[in-house]
Novice: 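Could you have a look at this structure, given as structure tokens, before my questions?
Only heavy atoms go into these numbers, but all of them, side chains included; no hydrogens, no water, no symmetry mates. What you are looking at is a predicted structure, and each value in this text was computed from that prediction instead of being measured.
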Amino acid sequence: MPLARVHNFSISLDGFGTGEGLSREAPFGHAGERLHEWMFATRFWHEMTRQPGGTRGLDDAFARQHTPGIGAEIMGAGKFGYPGWHTDPEWKGWWGPNPPFHTPTFVLTHHPRPSIEMEGGTTFHFLDVSPAEALDAAREAAGGQDVRIGGGPTVVRDFLAARLIDHLHVTVTPILLGRGIRLWDALEGLEEDYEVEATSSPGGVTHLTLTRKGL
């Protein structure tokens with residue numbers, strides 16, 4: 001069966017996957033872009049954003065695992081837009097007319113709306129369903145490829161709690177946020193079902209990978 005994967009999900013040392021005070025002007029709240037600076041420095045990110053340069057090495061190698069073999073994505077309402085985006089019928093996400101997903105993308109929200117077809121192969125579908133039901137829909141749309149669980153932290157935590165994620169890549173960044181939305185809450189004993197590896201990077205972050213036992 002195709003895998004459910006998480007890649008390049010960044011958290012702080014105290015476990016927060018986003019800050020407090022999210023808004024249209026501050027998508028990650030008071031965290032700003034600090035959680036993702038390690039990725040912005042990589043050649044992978046520079047290529048995605050059509051910029052020259054970027055670092056090679058361990059961080060770049062992990063970042064590049066984000067895309068190959070993905071046929072659909074699932075994300076939460078908070079990744080798709082700012083608090084209250086559902087009241088704006090013109091809102092089509094943060095990414096402009098050609099979002100970087102290039103696959104069917106399922107947005108979990110309590111405020112479904114008609115699907116939106118974007119440039120580059122991305123179509124946003126809006127669902128008010130359980131994680132298991134969303135994963136079934138995404139797998140059907142993925143054409144035999146894997147499904148990426150894109151975040152935010154609440155969505156990743158819900159899928160982990162249901163043991164629906166097969167491979168999880170989390171990057172621990174050396175900052176303390178103190179407030180926001182934590183990833184690991186209510187996941188006691190998660191390590192019993194996953195093989196856990198930690199790899200320290202010269203860039204100052206630690207890459208954690210959790211792979212479902214038996215895969």
Novice: Testing the basics here: between G144 and P2, what is the closest heavy-atom pair and its distance to 0.1 Å?
Specialist: O-CG, 3.6 Å
Novice: Does a side-chain heavy-atom distance below 4.5 Å link F9 with P153?
Specialist: yes
Novice: Parallel, tilted or perpendicular, judged at 30° and 60°: which one describes the rings of F101 and W95?
Specialist: perpendicular
Novice: What's the separation between atom CG in L13 and atom CG in L176, rounded to the nearest 0.5 Å?
Specialist: 5.0 Å
Novice: Determine whether F44 and F62 make a side-chain contact, defined as any pair of heavy atoms from C-beta on separated by less than 4.5 Å.
Specialist: no
Novice: Output yes when a side-chain donor or acceptor of R34 lies under 3.5 Å from a complementary backbone atom of A31, and no otherwise.
Specialist: yes
Novice: Tell me whether L183 shares a hydrophobic cluster with I149, the cluster being built from Ile, Leu, Val, Met, Phe, Trp, Tyr side chains joined at under 4.5 Å.
Specialist: yes
Novice: What about W184 and V172, same hydrophobic cluster or not, with Ile/Leu/Val/Met/Phe/Trp/Tyr joined at side-chain heavy-atom distances under 4.5 Å?
Specialist: yes
Novice: With a 4.0 Å cut-off, would you call R163 and E192 a salt bridge?
Specialist: no
Novice: With rounding to the nearest 0.5 angstrom, report the NZ to OG1 distance, K79 to T154.
Specialist: 13.5 Å
Novice: With heavy-atom distances below 4.5 Å as the criterion, would you say the side chains of L168 and V156 are in contact?
Specialist: yes
Novice: Using every non-hydrogen atom in the two residues, find where F106 and A138 come nearest and quote the distance to one decimal.
Specialist: CE1-CA, 3.6 Å
Novice: Identify, with sequence neighbours excluded, every residue that meets ring-ring contact (aromatic ring centres under 6.0 Å, His included) alongside H111.
Specialist: H86
Novice: Would you say the side chains of H125 and T123 form a donor-acceptor pair under 3.5 Å?
Specialist: no
Novice: To the nearest 0.5 Å, what is the distance between OG1 (T122) and CD (E73)?
Specialist: 9.0 Å
Novice: Is there a donor-acceptor contact under 3.5 Å from the side chain of T173 to the main chain of I11?
Specialist: yes
Novice: Report yes or no: does D14 contribute a side-chain atom to a donor-acceptor pair with the main-chain N or O of G178 at less than 3.5 Å?
Specialist: yes
Novice: Answer whether the closest heavy-atom distance between the side chains of S201 and T206 falls below 4.5 Å.
Specialist: no
Novice: Show the nearest heavy-atom pair for residues G84 and T87, with the distance to one decimal.
Specialist: O-OG1, 2.8 Å
Novice: Closer than 3.5 angstrom, by distance alone: can the side chain of T109 be matched with the main-chain N or O of P112 as a donor-acceptor pair?
Specialist: no
Novice: Rounded to the nearest 0.5 Å, what's the gap from CZ on F16 to CZ on R182? Could you check?
Specialist: 5.5 Å
Novice: Tell me whether E47 at atom CD has more than 12 heavy atoms from other residues, nucleotides or ligands lying less than 6.0 Å away.
Specialist: yes
Novice: Is there a continuous path of hydrophobic side-chain contacts, each under 4.5 Å between heavy atoms, that joins L160 to L208?
Specialist: yes
Novice: Working to the nearest 0.5 angstrom, can you tell me the gap between L35 CG and T18 OG1?
Specialist: 7.0 Å
Novice: Looking at R148, K213, R5, R139, which one forms a salt bridge (charged side-chain N to carboxylate O under 4.0 Å, His left out) with D166?
Specialist: R139
Novice: If you compare all heavy atoms of P174 against all heavy atoms of V205, which two are closest, and at what distance to 0.1 Å?
Specialist: CD-CG1, 4.1 Å
Novice: With no hydrogens and no angle check, do the side chains of T211 and H167 hold a donor and an acceptor under 3.5 Å apart?
Specialist: yes
Novice: Taking the side chain as everything from C-beta on, heavy atoms only, tell me whether K92 gets closer than 4.5 Å to F124.
Specialist: no
Novice: Atom NE2 of H7 and atom NE2 of H169: how far apart are they, to the nearest 0.5 Å?
Specialist: 8.5 Å
Novice: Does the side chain of S10 pick up a donor-acceptor pair with the side chain of W38 at under 3.5 Å?
Specialist: yes
Novice: Do T105 and F80 come close enough that some side-chain heavy atom pair is under 4.5 Å?
Specialist: no
Novice: What heavy-atom pair brings A77 and V107 nearest, and what distance separates the two atoms?
Specialist: CA-CG1, 4.1 Å
Novice: Verify the distance criterion only: is there a donor paired with an acceptor across the side chains of H36 and N8 at less than 3.5 Å?
Specialist: no
Novice: Is V155 reachable from I70 through a run of I, L, V, M, F, W or Y residues, each pair having side-chain heavy atoms under 4.5 Å apart?
Specialist: no
Novice: With a 4.5 Å cut-off on side-chain heavy atoms, are D88 and R24 touching?
Specialist: yes
Novice: Applying a strict under-4.5 Å side-chain criterion to I, L, V, M, F, W and Y, I'd like to know whether L210 and I74 cluster together.
Specialist: yes
Novice: Please name the pair of heavy atoms, one in T171 and one in H207, separated by the smallest distance, quoted to 0.1 Å.
Specialist: OG1-ND1, 3.3 Å
Novice: Quick check: do F159 and V6 have side-chain heavy atoms less than 4.5 Å from each other?
Specialist: no
